[in-house]
Amino acid sequence: MKIAAVEAIPLEIPFQHGGKPFGWGAEAWTRLSILLVRVTTDAGITGYGEAFSYGCRRAVQAVVEDMIAPLAVGAQAGDIIALNRSLQQKLHLQGRHGLTIFALSGLDIALWDIAGKAAGLPVHRLLGAVGGKSIPGYASLFRYSDPELVAERCHAAVAQGYRWIKLHEIHLPEVAAARGALGEDVPIMVDTNCPWTPAEARRQALALEPYGIHWLEEPIFPPEDFASLARLQSETGIALAAGENACTAFDFHKMLAAGAVTYAQPSVTKVGGISEFVQVAALARAHGVEVMPHSPYFGPGFAASLQLAAALPEGALFERLYVDLEASLYGDLVDAAGGEFRVPEGPGLGADPDADVIAAYRVSDA
Ligand SMILES: [Mg+2]
């Protein structure tokens with residue numbers, strides 16, 4: 001079975017986050033980009049992947065179309081790990097991080113979807129797990145920079161059944177408000193997205209101590225400063241999580257060897273797809289580090305992360321970005337029931353994205 005076509009399908013779906021306008025770039029973030037990678041084979045099987053595209057949709061689409069597709073078409077669809085390795089080698093001049101590996105991730109996920117469909121099995125069973133699982137989720141709150149709003153959103157998430165909450169705040173009053181709202185029994189994670197120098201991070205980590213943080217995520221810039229993360233963790237005793245900015249298992253090898261984290265967070269749409277994620281999980285296991293998938297996604301990245309979480313023998317918490325989308329590619333699969341996400345049992349990623357939603361939210365500005 002050979003790869004017949006690789007197509008990038010850009011979607012933008014409006015969402016609400018319940019706070020003041022906020023964005024990482026020049027504009028407020030109001031629509032989620034989902035770059036689908038649709039792969040068809042000469043056997044008539046179609047697979048869907050997702051390449052990370054927040055803030056870089058048109059650029060990643062160009063990488064899929066101009067760099068990935070020409071190399072992938074004609075290759076054996078079932079030789080996924082070898083093809084992933086071969087493309088990494090052929091494209092290493094264009095970078096081992098960022099756009100190149102994001103685009104490759106989309107292809108790899110689609111090929112695993114195809115492998116599952118060819119075998120008649122969901123990916124978690126291909127990876128050696130049984131079916132019938134649910135994964136406990138955590139509500140990954142937007143950044144509100146407003147203690148009252150943080151408390152309000154914490155209450156809302158717990159009322160919906162979530163038993164774990166992650167904040168994206170960088171100031172103490174918001175963390176204190178969350179702890180006040182949730183009491184002592186709900187674990188809180190704090191994701192800061194690389195704001196501090198090592199010295200600032202140390203001060204902040206010590207200041208967070210009274211709030212009993214379950215993990216502190218990405219406190220240091222640059223994210224690949226693994227030596228400083230390791231020093232911060234050992235000197236303060238706070239558990240660190242990182243990995244969404246690491247690409248390929250080779251990056252994680254360095255992170256884990258440095259003793260930088262307690263929780264490794266590979267992101268399936270960024271790390272190099274399911275093939276690289278599986279290698280990261282094995283490396284983490286050998287280092288005694290737990291894997292917590294980074295998965296603020298609503299496309300095939302979401303479905304693939306669920307399949308992978310189901311195949312982690314240590315279990316995992318599943319990240320659910322706590323926003324409301326105007327439309328869902330996977331119906332109610334993206335909604336937690338009693339704080340848990342059901343792992344779908346269909347072949348491949350468990351379900352295909354909704355064709356009507358794709359048609360309604362496809363954009364054509366590339
Ligand atoms: Mg994060």
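Order of appearance sets the numbers: ligands from 1, and atoms from 1 within every ligand. Note that the numbering runs from 1 along the sequence shown for the chain. All values reported here derive from a predicted model rather than from experimental measurement.
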About how many Å separate CG of Leu325 and OH of Tyr361, when rounded to the nearest 0.5 Å? 8.5 Å
Nearest 0.5 Å, what's the OG-CZ distance between Ser295 and Phe341? 8.0 Å
Looking at Glu217, pick out the N, O or S atom nearest to the Mg ion (ligand 1) and give its name. OE2
N, O or S atom within Asp191 nearest to the Mg ion (ligand 1), by name: OD2
Compute whether any side-chain donor of one residue and acceptor of the other, for Gln204 and Glu200, lie under 3.5 angstrom apart. no
Strictly under 2.8 Å, is any N, O or S atom of Glu244 next to the Mg ion (ligand 1)? yes
Does the pair His214 and Trp164 meet the rule for a ring-ring contact (aromatic ring centres under 6.0 Å, His included), with working shown? CA-CA 10 Å; His214 186 66; Trp164 303 75; 5.2 Å; yes
